[in-house]
Amino acid sequence: MSAQSATAIQRSQVDLLDFIDWTGVECLNQNTGHSLSNALKQGYREDEGLHLESDADEQLLIYIPFMQVVKLHSVVIIGPEEEGPRMVKLFANKEHMGFSNVNDFPPSDSAVLSLDNLKGKPVVLKYVKFQNVRSLTIFIEDNQCGADITKIQKIILYGTTVETTDMKGLKKVEDH
């Protein structure tokens, strides 16, 4: 694939924020004073004074359901150089995961975040694994410096919606 066509593909990706089903979003081990909304919701994630912070240890388990099926292309996870996430594992369509069973499943993709990633460089995902995504689970396994607290300033999910035909919306054509 040429660099030009790769750029064109990336340009067609949109921020999937509007397709998140906020009623089902969960984050395990978040500090209630620094919750997931700070890193994920529009307006909050642009405020540099707000962030998501882990509570009891460095791990976070984030569950994000979508209102419709999406194709996930890349993720941006911005965090500080020291307490920013390091090992990130992504699971497509895995529900009801907890810290006790997260290692029982192979991730759809994983990445070790570089300092460039923490500053906003997208992590491009294994596209074939993220074609029909109804939910995404993000497991933050550890952070850059081995501290007890992980901090995330912003999470952006890029992709496209999967066009599905609404059969109820189609009008039946009568034979004349």
Side-chain angles (χ1 to χ4, degrees), residues 1 3-20 25-31 34-55 57-64 66 70-94 97 99 102-103 105-131 133 135-160:
M1 186 185 297
Q4 204 169 18
S5 60
T7 306
I9 289 171
Q10 203 157 357
R11 207 175 300 124
S12 66
Q13 307 302 318
V14 297
D15 182 343
L16 295 171
L17 187 72
D18 292 341
F19 303 100
I20 292 174
V25 171
E26 289 181 330
C27 182
L28 301 182
N29 194 38
Q30 67 183 338
N31 177 322
H34 299 283
S35 69
L36 177 60
S37 299
N38 290 346
L40 197 58
K41 281 196 169 175
Q42 190 78 46
Y44 291 77
R45 67 183 187 183
E46 281 71 37
D47 184 333
E48 293 195 9
L50 298 174
H51 62 271
L52 164 62
E53 190 172 294
S54 64
D55 192 21
D57 59 27
E58 75 282 7
Q59 296 187 335
L60 287 161
L61 193 58
I62 301 165
Y63 176 73
I64 304 170
F66 297 99
V70 299
K71 291 181 181 183
L72 202 54
H73 175 266
S74 54
V75 296
V76 173
I77 299 176
I78 297 175
E81 212 170 286
E82 297 286 309
E83 298 114 335
R86 190 187 74 83
M87 172 54 81
V88 177
K89 294 180 179 177
L90 300 138
F91 301 86
N93 304 323
K94 279 274 183 238
M97 292 179 74
F99 290 109
V102 72
N103 290 317
F105 305 100
S108 305
D109 204 352
S110 61
V112 174
L113 300 185
S114 67
L115 292 181
D116 285 344
N117 293 133
L118 291 176
K119 291 178 181 154
K121 180 181 177 200
V123 174
V124 177
L125 303 174
K126 293 177 187 161
Y127 203 56
V128 293
K129 302 269 190 167
F130 296 93
Q131 290 295 299
V133 180
S135 68
L136 178 69
T137 301
I138 304 171
F139 176 46
I140 308 293
E141 197 167 65
D142 57 16
N143 56 41
Q144 297 288 332
C145 67
D148 286 344
I149 292 173
T150 298
K151 294 181 182 178
I152 299 174
Q153 289 153 327
K154 187 186 280 192
I155 298 172
I156 308 172
L157 306 172
Y158 287 109
T160 55

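As the structure is a computational prediction, the values presented were derived from the model and not from experiment. The residues of the chain are indexed from 1 along the displayed sequence.
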Give, for atom [atom1] of [X] and atom [atom2] of [Y], the distance between the pair rounded to the nearest 0.5 Å.
X: Ile155; Y: Lys41; atom1: CD1; atom2: NZ; result: 13.5 Å
X: Cys145; Y: Glu82; atom1: SG; atom2: CD; result: 4.5 Å
X: Leu60; Y: Lys151; atom1: CG; atom2: NZ; result: 12.5 Å
X: Gln13; Y: Leu157; atom1: CD; atom2: CG; result: 12.0 Å
X: Glu141; Y: Leu61; atom1: CD; atom2: CG; result: 11.0 Å

Report yes if the side chains of [X] and [Y] come closer than 4.5 Å at any heavy-atom pair, otherwise no.
X: Ser108; Y: Val133; result: no
X: Thr160; Y: Leu72; result: no
X: Ile152; Y: Pro85; result: yes
X: Lys129; Y: Leu90; result: no
X: Ser74; Y: Val123; result: no
X: Cys27; Y: Leu52; result: yes
X: His73; Y: Leu16; result: no
X: Tyr63; Y: Val25; result: no

Taking atom [atom1] as the centre, does [X] end up with more than 12 heavy-atom neighbours from other residues, nucleotides or ligands that are less than 6.0 angstrom away?
X: Gln42; atom1: CD; answer: yes
X: Phe19; atom1: CZ; answer: yes
X: Glu81; atom1: CD; answer: no
X: Asp148; atom1: CG; answer: no

Taking [Y]'s backbone N and O only, do any of them form a donor-acceptor pair with [X]'s side chain (distance below 3.5 Å, no angle check)?
X: Glu83; Y: Pro80; value: no
X: Asp109; Y: Lys126; value: yes
X: Thr150; Y: Glu58; value: yes
X: Asn93; Y: Ser135; value: yes
X: Asp55; Y: Asn29; value: no
X: Thr137; Y: Lys94; value: yes

Taking the six-membered ring for Trp, are His51 and His34 parallel (under 30°), tilted (30 to 60°) or perpendicular (over 60°)?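 Judged by the thresholds at 30° and 60°, the geometry between His51 and His34 is parallel.
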Between the side chains of Asn117 and Ser114, is a donor N or O closer than 3.5 angstrom to an acceptor N or O?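 Yes - a donor-acceptor pair under 3.5 Å links their side chains.
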Please lay out, stage by stage, how Leu113 and Val88 fare under the test side-chain contact (heavy atoms from CB on, under 4.5 Å). CA-CA 7 Å; Leu113 300 185; Val88 177; 3.7 Å; yes
Can you list the steps and then say if Ile64 with Leu40 is a side-chain contact (heavy atoms from CB on, under 4.5 Å)? CA-CA 10 Å; Ile64 304 170; Leu40 197 58; 4.0 Å; yes
Where do Ile138 and Phe91 land on the side-chain contact (heavy atoms from CB on, under 4.5 Å) test, with the steps shown first? CA-CA 7 Å; Ile138 304 171; Phe91 301 86; over 6 Å; no
With Lys154 as reference, evaluate Ile78, Leu50, Val76 under the side chain to side chain contact (heavy atoms under 4.5 Å, CB included) test and give the passing residue. Ile78
Between Asp15 and Arg45, does any NZ, NE, NH1 or NH2 come within less than 4.0 Å of an OD or OE carboxylate oxygen?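 Asp15 and Arg45: salt-bridged.
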Shortest non-hydrogen contact from Lys89 to Ser110? CG-CB, 3.9 Å
Before giving the answer on side-chain contact (heavy atoms from CB on, under 4.5 Å), spell out for Phe130 and Lys71 the whole-Å C-alpha distance, their side-chain angles and the decisive distance to 0.1 Å. CA-CA 6 Å; Phe130 296 93; Lys71 291 181 181 183; over 6 Å; no
Determine whether Asp142 and Arg86 satisfy the following criterion, salt bridge (charged side-chain N to carboxylate O under 4.0 Å, His left out), listing intermediate values before the conclusion. CA-CA 6 Å; Asp142 57 16; Arg86 190 187 74 83; 3.0 Å; yes
